[in-house]
Amino acid sequence: MSALLAEAPRAPVRAGPEDGDLVAMTLRGNSEAFATLVERYDRAVYHLAYRTLHDVEEARDATQEAFFKAFRSLRTFRPGSKFSTWIFAITYHACCDRLSRRKHYASEELPERADASPGPEARVIALDEASRLRAAIDALPEKYRSVVTLFHLQGKQYEEIATVLGLPMGTVKTHLFRAKEQLRRLLSGTEVTES
Amino acid sequence: MTMDELERAVMELPLEEPPEGLRASILLATAYRPAPAFAFYELAAIGTLGAVALWLIVLLVSGGGVLFVHTLSAISSVVLRSFSNVAFLAWLAAGGATALWLTLLTGNHPIAALSHRSGRQGGR
């Protein structure tokens with residue numbers, strides 16, 4: 001049962017036209033079709049943006065940017081591929097751009113910001129279960145965090161996760177395995193030495 | 001905590017709640033974006049007409065009316081001479097036929113494309 005649960009993708013599956021059909025309808029001038037796609041994926045896209053950027057405003061902007069880019073380049077969407085993977089990849093790249101700009105800005109102008117808040121491991125303590133898990137995911141290195149967030153959204157669809165991140169599938173599986181190991185250690189209070 | 005339990009816990013984490021108005025702002029920037037009042041070619045045509053009108057006004061106000069008439073008659077005589085030239089008409093027909101042939105060859109029927117475009121504009 002748990003295996004079945006884990007296999008199910010988190011990206012919404014609803015009654016009605018398939019995503020590919022909605023893309024085709026949008027390309028034929030049906031605005032409502034794209035609105036349906038936005039309704040299906042805005043929450044998942046925002047989730048990915050927020051879990052990557054950890055900033056409400058930036059996540060909001062990245063979500064808007066992702067849908068805007070998707071709408072403008074809808075003709076490049078390959079029929080037969082998954083819309084969720086495509087929109088997640090656009091979102092992930094938008095977030096990476098923002099992270100790299102933020103790092104550049106922080107290293108030049110705000111060097112003291114990094115030491116201002118408590119370490120991520122300290123935040124894991126004294127929170128409820130879901131919050132503890134979230135805090136533990138936040139404490140993971142960036143490369144592991146992205147894999148776990150996409151695993152949360154897409155389930156065990158390693159190939160799709162690999163496509164979004166632009167990594168080989170073996171690397172995704174390794175990252176996910178190591179991420180889960182670190183999560184277990186963080187949640188059980190064991191010190192994590194691997195970075 | 002076993003790996004299965006951890007996986008299940010990750011899968012069961014609720015998604016982040018998006019800020020209010022996010023969906024509306026996405027839709028306003030994409031699917032429900034208001035169409036511009038003028039298309040690019042319409043703006044270009046209006047600009048060209050405006051520039052020609054301004055040029056005419058300046059020409060007439062500065063007393064260049066005679067020059068304007070001369071220029072106009074020269075242009076019209078060149079056009080008339082061209083269209084009475086068999087070689088010119090032959091080249092024009094060849095160019096038009098080639099363009100039509102290439103359009104049909106690429107699967108874009110010009111009349112079908114025009115009716116499709118007008119249908120889309122009507123649907124909006």
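We use all heavy atoms of the structure for the numbers below, so side chains are in, but hydrogens, waters and symmetry mates are not.
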> Going only through I, L, V, M, F, W and Y residues with side-chain contacts under 4.5 Å, is there a path from A:Leu99 to A:Tyr50?
Replying inline: no
> Which pair of non-hydrogen atoms, one from B:Pro14 and one from A:Arg134, has the smallest distance, and what is that distance?
Replying inline: O-NH2, 3.2 Å
> Other than B:Leu54, what residues sit in its cluster of Ile, Leu, Val, Met, Phe, Trp and Tyr side chains whose heavy atoms are under 4.5 Å apart, directly or through others?
Replying inline: none
> For B:Phe88, which residues count as a ring-ring contact (aromatic ring centres under 6.0 Å, His included) partner, sequence neighbours excluded?
Replying inline: B:Phe83
>> Treating A:His47 as the side-chain partner and B:Leu15 as the backbone partner, does any N or O pair qualify as donor plus acceptor under 3.5 Å?
In response: no
>> Would you compute the distance between atom CG of A:Leu133 and atom CD of B:Glu12 and round it to the nearest 0.5 angstrom?
In response: 10.5 Å
> B:Glu17 and A:Arg43: salt bridge (Lys or Arg N to Asp or Glu O under 4.0 Å), yes or no, with the steps?
Replying inline: CA-CA 7 Å; B:Glu17 200 63 47; A:Arg43 202 164 169 198; 3.0 Å; yes
> Counting only heavy atoms not in B:His70, do more than 12 sit closer than 6.0 Å to its NE2 atom?
Replying inline: no
>> Quick check: closest heavy atoms across B:Leu22 and A:Arg60, and the distance to 0.1 Å?
In response: CD1-CG, 3.6 Å
>> Applying a heavy-atom distance below 4.5 Å, give me the residues of residues 166-177 of chain A that approach chain B, sorted by number.
In response: A:Phe177
>> Does any part of the side chain of B:Tyr32, heavy atoms only, come nearer than 4.5 Å to the side chain of A:Glu32, both counted from C-beta?
In response: yes
> By a 4.5 Å heavy-atom criterion (distance strictly below it), what part of A:Arg51 contacts chain B: side chain, backbone, both, or neither?
Replying inline: side chain
> Same cluster for A:Ile87 and A:Leu53 if Ile/Leu/Val/Met/Phe/Trp/Tyr side chains link at under 4.5 Å?
Replying inline: no
> So which heavy atom on B:Pro19 is nearest to which on A:Val56, and how close?
Replying inline: CG-CG1, 4.2 Å
> For the residue pair A:Gln64 and B:Ser25, what are the closest heavy atoms and their distance?
Replying inline: NE2-OG, 2.6 Å
> Are B:Leu28 and A:Leu74 joined in one hydrophobic group, where the rule is that I, L, V, M, F, W and Y side chains link up if heavy atoms are under 4.5 Å apart?
Replying inline: no
> How far apart are the closest heavy atoms of B:Thr30 and A:Phe67, and which atoms are they?
Replying inline: CG2-O, 3.8 Å
> Closest heavy-atom contact between A:Lys180 and B:Leu6?
Replying inline: O-CD2, 3.3 Å
>> Is B:Ile26 close to chain A through its backbone or its side chain, or both, or neither, when contacts mean heavy atoms under 4.5 Å?
In response: both
> Taking only residues two or more places apart in sequence or in another chain, which ones pass ring-ring contact (aromatic ring centres under 6.0 Å, His included) with B:Phe40?
Replying inline: none
>> Is any side-chain heavy atom of A:Phe71 closer than 4.5 Å to one of B:Arg33?
In response: no
